[in-house]
Amino acid sequence: MAIIKVEGLVKKFGPLTAVDGISFEVEENSIFGFLGPNGAGKTTTISILCTLLAPTAGRAFLNGYDCNADSAEVRKSIGIVFQDSSLDKDLTARENLLFHAYLYDVKKPDRKRRVEEALSFAGLTDRADDLVKKFSGGMKRRLEVARGLIHQPKVLFLDEPTLGLDPQSRSNLWEFITELPGKHGVTIFMTTHYMEEAEVCNKIAIIDKGKIIASGSPAELKKTVGGDVIYLKTSNNPEAIKELARLLNIEATEKDGEIFIPTLKADACIPAIIRELGDTVLSVRMQRPTLNDVFLYLTGTAIRETQSSSGDDVKESVRSYRRRHDRG
Amino acid sequence: MIEVNAVYVIVAREFKKFLREKSRLISTIARPLVWLFLVGGGMSRLVPASGNVSYMQFIFPGILGMTILFTSIFSSISIIWDKEFGFMKEILVAPISRLSVVVGKAMSGMVLSTIQAIIILAFFPFLGLRIGILEIMGIILVSAILAFAISALGIVLASFYDSYESFSVIMNFIVMPMFFLSGAMYPVKLMPEILKYFTKINPLTYGIDAIKHLMFPSGAGTMGADFPFYLDIGVIVASSIILVLIGGKTFERKG
């Protein structure tokens with residue numbers, strides 16, 4: 001069953017079109033990844049789904065409710081971890097959680113228990129009464145995720161959840177997040193511009209310049225790039241390339257001292273290569289295409305490069321537009 | 001329409017943070033006392049008493065008004081901080097009405113201001129004033145209504161500004177003129193006509209005037225109240241309701 005349904009969604013900020021007619025569905029209890037460079041329209045889409053922004057055109061449904069018309073019902077069904085922390089740093093971890101429980105009208109018999117559960121879930125039971133400003137980035141993020149679950153939402157939005165975290169806390173957080181659908185029966189809707197992080201998703205939509213340019217499971221998306229890549233090292237590379245062309249009809253090129261062989265079926269190809277080249281082979285490694293390769297293939301630019309100035313410009317102009325037009 | 005739990009927790013948060021920031025508590029109590037004893041004490045030598053009311057006694061209602069004005073505006077302006085530091089998003093995506101948020105914020109300002117007004121009010125015996133218990137309760141009630149109105153005004157202001165640079169604009173062009181044009185430091189009846197006009201559209205004027213009614217015996221002459229008591233109460237109650245509804249509306253908008 002689709003828990004989120006988006007149909008032809010458009011959002012314009014003055015002359016700028018941040019989201020340009022996107023449609024997609026998210027299955028219940030899955031991890032859905034919204035991928036794209038900064039300024040592609042990810043946060044704008046999340047803001048519409050979270051009822052913080054009204055769409056210019058199109059419709060979005062969450063848990064069966066219209067995100068624009070039934071915002072109260074939608075809000076009850078969702079938890080959100082924003083890109084920038086939305087904790088009160090002058091309150092303790094427990095106070096932040098209690099605040100949330102009251103705000104979402106968690107009834108008294110459950111309130112304390114849910115707060116304690118959230119604390120232990122975030123691994124912060126020992127630090128429950130410390131002010132949040134003393135916490136590390138990773139602790140704050142875990143606290144925010146745990147807070148977003150206190151009212152038992154159907155969908156948890158994570159907007160760039162690992163932004164600004166060190167690699168260690170980043171991988172801890174992912175471990176924590178991937179357990180959520182199973183443990184809490186919650187659907188995860190996340191955005192990221194780190195391609196490797198999107199590997200944990202059941203389904204991914206890639207967005208660029210306000211449009212969805214591809215969607216599917218990580219494996220399906222990688223297939224669009226076509227097959228695998230084999231890297232081969234031999235005692236005589238030019239000779240080996242000639243041999244491969246003659247015996248196996250493989251077109252290969254040399255790249256940084258390694259022979260680079262794009263192929264559809266690496267697992268079948270490697271034994272044949274070893275058989276033909278025999279002892280001259282020094283090493284073989286195979287690489288599956290990454291989501292980064294997918295993005296590269298679809299847009300012609302690497303995602304890391306596009307996240308530079310143009311994306312930030314879009315962000316800044318959206319921000320200044322909003323400053324002028326919606327104070328709320 | 002108004003979620004009680006949400007209003008409660010918004011007030012509880014402000015209250016807790018207020019108790020934690022000792023320096024804020026001390027400075028908000030020190031400011032009015034400095035005005036009262038330095039400005040009031042000094043001016044008392046220049047300005048003759050009228051009726052039985054000395055100048056220092058005369059500005060006491062104005063000093064209570066000042067305490068309420070500053071604390072309420074500061075409390076509401078914290079919305080700008082909440083926006084800047086992201087916490088406002090946590091409140092805005094919650095399944096509560098905007099009116100609950102605005103009422104919660106206005107009540108936060110009301111609770112903090114009233115507590116401080118009570119602390120300042122406790123200095124009345126040092127000024128040679130004699131106030132009955134009923135009048136004291138009346139002053140506290142008026143302070144609470146006035147604080148709610150001013151806090152609601154602060155919310156309306158905060159929703160038009162969303163960076164803390166705007167804070168000094170609010171302080172210099174709204175808060176300070178509101179204070180000086182409120183009858184706090186000099187009687188409205190002695191003001192030039194043009195200033196009287198501004199004084200009459202200022203809700204603070206009526207709150208301070210109501211306190212003058214309760215604090216000074218009749219026959220205080222120029223130092224006494226300027227408007228009828230029922231008008232004072234009517235204006236502060238009406239502005240509480242109107243400003244909180246406007247606050248709810250200005251908060252409602254989304255892009």
Side-chain angles (χ1 to χ4, degrees), chain A residues 11-14 44 46-48 50-56 68 71-92 95-96 98-108 111 131-132 144 147-148 151 153 157 318-319 321-328, chain B residues 1-21 24 78-102 104 108 155-163 165-166 246-255:
Chain A
K11 179 65 193 179
K12 291 186 178 167
F13 294 101
T44 306
I46 282 206
S47 300
I48 294 170
C50 296
T51 77
L52 283 178
L53 280 178
T56 311
N68 195 32
S71 54
E73 288 303 322
V74 171
R75 284 175 191 185
K76 281 181 201 160
S77 323
I78 60 174
I80 310 156
V81 177
F82 293 103
Q83 214 172 91
D84 308 309
S85 166
S86 66
L87 295 164
D88 188 334
K89 292 163 199 67
D90 296 319
L91 294 180
T92 65
E95 285 163 355
N96 267 290
L98 268 174
F99 186 90
H100 189 90
Y102 273 99
L103 217 51
Y104 283 78
D105 203 24
V106 175
K107 297 294 177 214
K108 202 175 178 197
R111 212 181 284 145
L131 294 183
V132 168
E144 276 192 278
R147 180 180 71 177
H151 58 285
F157 288 93
V318 167
R319 201 167 291 151
Y321 177 86
R322 296 193 58 186
R323 206 168 282 153
R324 275 176 280 126
H325 294 268
D326 65 79
R327 286 128 172 175
Chain B
M1 192 64 189
I2 293 178
E3 289 83 2
V4 178
N5 267 343
V7 171
Y8 162 76
V9 81
I10 289 171
V11 176
R13 165 177 177 249
E14 297 291 339
F15 190 64
K16 200 150 232 174
K17 288 173 73 161
F18 176 74
L19 290 183
R20 238 166 237 168
E21 288 176 52
R24 187 169 144 199
S78 72
I79 289 174
I80 296 178
W81 268 254
D82 285 343
K83 280 185 196 166
E84 195 86 9
F85 296 118
F87 190 74
M88 188 46 78
K89 278 187 183 166
E90 155 82 351
I91 296 175
L92 290 180
V93 293
I96 56 171
S97 66
R98 294 290 181 262
L99 193 60
S100 300
V101 180
V102 171
S108 308
I155 293 164
V156 176
L157 294 176
S159 60
F160 283 96
Y161 295 95
D162 59 2
S163 73
E165 287 88 5
S166 40
I246 294 175
K249 276 283 161 242
T250 50
F251 231 72
E252 193 97 42
R253 284 183 285 167
K254 57 178 178 178

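Chain A is the first sequence line, chain B the second, and so forth, proteins listed ahead of strands; every chain is numbered from 1. Because the structure is predicted, anything quoted here is derived from the model rather than measured.
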Enclosure of A:K89 NZ (heavy-atom neighbours >12, cutoff 6.0 Å): yes
Side chain, backbone, both or neither of A:L131 within contact of chain B (heavy atoms, under 4.5 Å): side chain
Which portion of B:K89 sits near chain A, non-hydrogen atoms under 4.5 angstrom: both
Which atoms of A:F99 approach chain B - backbone, side chain, both or neither, heavy atom under 4.5 Å: both
A:N96 and B:F87, any side-chain heavy atoms less than 4.5 Å apart: yes
Atom group of A:I80 that falls short of 4.5 Å from chain B, counting heavy atoms: side chain
Residue, of A:R147, A:E144, A:H100, that accumulates the most heavy atom pairs under 4.5 Å with chain B: A:R147
Short side-chain donor-acceptor distance under 3.5 Å, B:T250 and B:S159: yes
Interface moiety of B:I79 toward chain A, non-hydrogen atoms closer than 4.5 Å: neither
Qualifying residue for side chain to side chain contact (heavy atoms under 4.5 Å, CB included) with B:E3, from B:I10, B:L99, B:I96: B:I96
Min side-chain heavy-atom separation B:R13-A:D88 under 4.5 Å: yes
Student check: side-chain heavy atoms of A:V132 and A:E95 closer than 4.5 Å: no
Part of B:E90 within contact of chain A (heavy atom distance under 4.5 Å): both
